[in-house]
Amino acid sequence: MANKRGQLTLSFNWIFVLIAGTMILLFFVGIIMKQKTVSEQKLNFDVVTVMDSILTGSTVSEQTINFVDISGLSGFELFFDCELDDGGGYEDIFAQYGITGTTASSELPMQVLFAPKTMEGNEMITWSLPYKMPFKVMDLLMVTSTSIKYYVIGGKGSDFRHDLENATSGFTIEFISDISEISAVGNLFHVRVIDLDGSTLVDGAGVPEELANAGVGVVTGVLVGSTLGQVDYFTASGDKWNRLTGAGSVPIIATGLFEKEASLYGALFAADDEVYKCNMMKAFKRYSILVEIYQNKLDSLSAYHALDGPGASKTSCKGFLSDTTGNNMEDTLSSLSGELSTCIEHGYDDCLQVEPLANQLHELNANLRADTCERLY
Amino acid sequence: MKKMNKKAQMQMLETIGVIFIFFVLILFGSIFYFKFQEISFQNKQEELLAQSAMDTTLVTLFLPEIQCSRGDSEAEDNCIDLGKVRALQQVLKENPKYLTDYYFNLFSYANISVTMVHPVEHSWTIYEFEKVGVYDNGSEYSAWDRKEATYFVVTLRDELKGIGENNEEFYNKEIVYGFGYLTVEVFS
């Protein structure tokens with residue numbers, strides 16, 4: 001009898017230990033699982049916060065190139081995306097960046113960011129340039145990495161090639177005179193060929209042997225038109241160059257008045273034509289708001305020049321602002337506002353008329369300055 | 001036999017006691033851990049808010065909408081053009097959707113104002129988007145937990161004799177340069 005009770009106690013003890021042990025084990029497994037999720041979310045959040053801060057800082061550091069150590073993110077792939085709706089207008093743009101395969105992402109509803117579609121590496125490069133049309137609209141940010149190599153071919157002796165060479169010190173960039181100087185992809189994440197004279201990037205032409213069969217999207221190219229007024233995007237499909245801009249070249253909308261035209265430099269770093277146009281649409285949205293602000297300032301400027309008193313009521317000043325028929329600031333800003341409305345609604349291809357109006361505005365502002373009148377900008 | 005029974009009971013009590021103490025320790029550990037996490041979370045939030053205030057101030061200082069431009073030359077650093085400030089105020093008043101659809105993406109929940117200290121004391125609000133909740137009766141209440149304010153000394157340029165300004169102090173006064181400060185308040 002006592003033996004039986006002993007056996008029962010022993011079995012009970014084992015069952016008790018088993019149940020309690022399982023519960024304790026489950027408890028700790030639960031904690032570990034929860035911590036894993038929390039850590040992942042924390043990392044995602046930290047990455048986005050840090051990136052946001054880097055991008056904000058870079059955007060306002062006008063005309064500066066920053067080398068940001070992102071070795072803490074090594075092994076993670078960053079993605080940058082900007083999608084246009086079917087119509088190509090501003091309203092349905094969806095832009096974001098983040099870490100591929102995680103929930104870490106942040107929307108970019110208004111920041112203009114020219115970057116490859118995906119990026120990896122230990123060092124991120126950010127370069128900010130002001131977009132002036134002719135007054136400053138916003139800073140456009142170019143993002144790349146030291147593990148992305150740029151080959152610049154053609155345009156030897158041109159000012160643009162020279163400026164690009166001076167500006168991109170520290171980038172993984174090589175200025176070559178012959179295609180044979182291109183080396184194999186190796187450990188690089190991405191290779192971009194920038195052709196300044198159309199000698200290399202031709203639809204259907206052969207990709208340099210070293211870059212052939214490098215994988216989808218690894219080798220891309222951008223062909224800059226001889227007048228710097230348009231670009232075409234290419235991707236290497238196997239051993240052939242494939243032109244992406246099927247609907248035609250992408251016109252560069254810039255005044256041509258400044259040494260470094262942000263919209264042209266941005267085109268060199270944008271992944272493709274859609275990404276480029278999508279980002280430029282964000283710039284045009286900001287431009288349209290700024291034009292409204294300047295229209296409002298113009299009213300005050302006109303009122304100021306209508307005042308009596310020395311220096312305030314010069315006839316020429318008033319003429320540049322509104323009196324002269326056809327070529328005055330009021331009419332120019334009004335036309336610009338109309339063109340920008342069309343552009344924002346219908347898409348990039350309807351923005352081309354903005355360029356001559358911006359140049360006209362520049363001329364009028366210069367006239368104001370020459371006649372010692374108060375300037376608009 | 002009674003002795004054996006008591007021994008087994010004692011062993012059982014001992015085991016239960018050990019497990020009980022184990023769970024009590026786990027409970028204490030958990031309470032300590034979660035309290036620590038809560039404090040870290042609050043610190044992190046404060047840190048983020050301070051970062052957000054700095055970022056917003058930086059963005060505002062370089063805002064083309066209000067920055068002092070000089071034709072094709074570089075803009076004047078830490079200078080705000082009051083002619084543009086007044087124009088921006090007017091544009092935002094006429095198009096409140098710019099505030100919600102556009103500038104909110106730039107500044108989020110924040111109040112941004114420019115205050116002139118010399119030669120005239122005056123203030124201009126250029127962005128106002130406070131976090132608010134709505135009671136059942138429709139009245140609003142402040143729904144933010146924390147507020148971080150930053151101040152930045154700036155030069156104020158007004159080449160237009162205060163035209164557009166509803167303040168007698170400005171009428172026909174040639175205030176080309178004054179000074180004041182930029183206030184950026186962010187909410188979380």
Side-chain angles (χ1 to χ4, degrees), chain A residues 1-2 5-6 9-10 12-13 16-17 20 24 27 31 38 42 49 52-53 56-57 59-63 107-111 130 132 134-139 257-258 285-286 289-290 292-304 307 309 312 362 365-366 368-369 374-377, chain B residues 1 4-5 7-9 11-12 15-16 19 22-23 26 30 33 37 44 47-48 51-52 54-56 58-67 69-72 74-75 81 83-92 94-95 98 101-106 159-165 172 174:
Chain A
M1 179 95 173
R5 267 197 188 173
T9 313
L10 201 66
F12 179 77
N13 272 348
F16 183 75
V17 166
I24 292 166
F27 178 74
I31 286 182
V38 168
K42 195 172 172 294
T49 311
D52 268 343
S53 219
T56 306
T59 309
V60 295
S61 315
E62 205 175 90
Q63 296 207 43
E107 283 190 35
L108 294 164
M110 50 172 295
Q111 296 89 338
K132 293 182 174 181
F135 48 79
K136 183 178 162 182
V137 175
M138 67 193 302
D139 288 299
L257 298 165
F258 306 101
K285 175 65 185 176
R286 184 74 170 270
I289 296 175
L290 272 156
E292 274 190 60
I293 292 169
Y294 277 110
Q295 276 181 307
N296 215 289
K297 193 186 169 186
L298 184 74
D299 293 341
S300 303
L301 204 61
S302 300
Y304 172 78
L307 284 176
H362 177 266
N365 202 59
L368 280 174
R369 191 190 178 191
E374 295 303 336
R375 286 173 291 182
L376 181 70
Y377 66 90
Chain B
M1 199 169 102
M4 263 184 77
N5 203 8
K7 204 178 173 186
Q9 277 179 342
Q11 269 183 344
M12 189 83 107
T15 316
I16 291 170
I19 289 173
F22 176 76
F23 275 107
I26 293 266
S30 303
Y33 177 75
Q37 287 284 81
K44 186 81 188 168
E47 204 180 291
L48 284 173
Q51 182 66 52
S52 164
M54 286 302 295
D55 284 349
T56 309
L58 205 59
V59 168
T60 312
L61 283 169
F62 288 89
L63 204 66
E65 285 84 341
I66 57 168
Q67 216 182 0
S69 48
R70 292 182 297 187
D72 297 342
E74 293 290 307
D81 184 338
K84 286 191 196 174
V85 167
R86 286 190 284 266
L88 175 65
Q89 276 186 318
Q90 193 60 32
V91 167
L92 291 181
E94 284 164 12
N95 304 283
Y98 286 162
D101 297 356
Y102 195 83
Y103 288 102
F104 182 75
N105 295 316
L106 195 62
E159 294 162 322
L160 305 177
K161 288 191 172 180
I163 286 171
E165 194 57 64
N172 287 333
E174 197 81 55

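Keep in mind that what you see is a predicted model, and the values were worked out from it rather than measured.
The line from OH of Tyr102(B) to CE of Met110(A) is 3.5 Å long, rounded to the nearest 0.5 Å. Gln90(B) CD to Ser300(A) OG: the interatomic distance, rounded to the nearest 0.5 Å, is 9.0 Å. Atom CD1 of Ile19(B) is separated from atom CD1 of Ile24(A) by 6.0 Å, given to the nearest 0.5 angstrom. Here the CG atom belonging to Asn296(A) is positioned 6.0 Å from the CD atom belonging to Glu94(B), to the nearest 0.5 angstrom. The distance from the CG atom of Leu92(B) to the CD1 atom of Ile293(A) is 7.0 Å, given to the nearest 0.5 Å.
Residue Glu65(B) touches chain A through both its backbone and its side chain, counting heavy-atom pairs closer than 4.5 Å. Only the side chain of Ile26(B) comes within less than 4.5 Å of a heavy atom in chain A; its backbone stays farther off. Contact of Glu292(A) with chain B is made through backbone and side chain together, with heavy-atom distances under 4.5 Å. For a residue to count as touching a neighbouring chain, one of its non-hydrogen atoms must lie under 4.5 Å from one of that chain's; by this rule Asp101(B) does not touch chain A. Heavy-atom distances place the side chain of Tyr103(B), and not its backbone, under 4.5 Å from chain A. Proximity to chain B is absent for every atom of Val17(A), based on heavy atoms less than 4.5 angstrom apart. Residue Tyr98(B) touches chain A through its side chain alone, counting heavy-atom pairs closer than 4.5 Å. If you measure heavy-atom distances from Ala20(A) to chain B, the contacts under 4.5 Å come from the side chain alone.
We find that Asp72(B) and Lys132(A) are not joined by a salt bridge, their nearest charged nitrogen and carboxylate oxygen being 4.0 Å or further apart.
Across all non-hydrogen atoms, the minimal contact from Pro64(B) to Arg286(A) is CD-NH2, 3.5 Å. Here the closest non-hydrogen pair linking Ser53(A) and Gln51(B) is OG-NE2, 2.7 Å. When all heavy atoms are compared, the tightest approach of Leu48(B) to Thr49(A) is CD2-CG2, 3.2 Å. Closest heavy-atom contact between Gly71(B) and Asn365(A): CA-ND2, 4.1 Å.
Among residues two or more places apart in sequence or in another chain, the side chain to side chain contact (heavy atoms under 4.5 Å, CB included) test is passed with Phe62(B) by Val60(A), Leu58(B), Gln67(B). Applying the side chain to side chain donor-acceptor pair (under 3.5 Å) rule to Asn105(B) yields no partners; only residues at least two apart in sequence or on another chain are considered.
The candidate from Leu106(B), Val59(B), Leu61(B) with the greatest count of non-hydrogen atom pairs under 4.5 Å with chain A is Leu106(B). Among His362(A), Arg369(A), Gln295(A), the residue with the largest count of heavy-atom pairs under 4.5 Å with chain B is His362(A).
Residues Lys84(B) and Tyr294(A) bring a donor and an acceptor atom of their side chains to less than 3.5 Å of each other.
Residues Phe135(A) and Ser69(B) are not in side-chain contact: their nearest non-hydrogen atoms beyond the backbone lie 4.5 Å or more apart.
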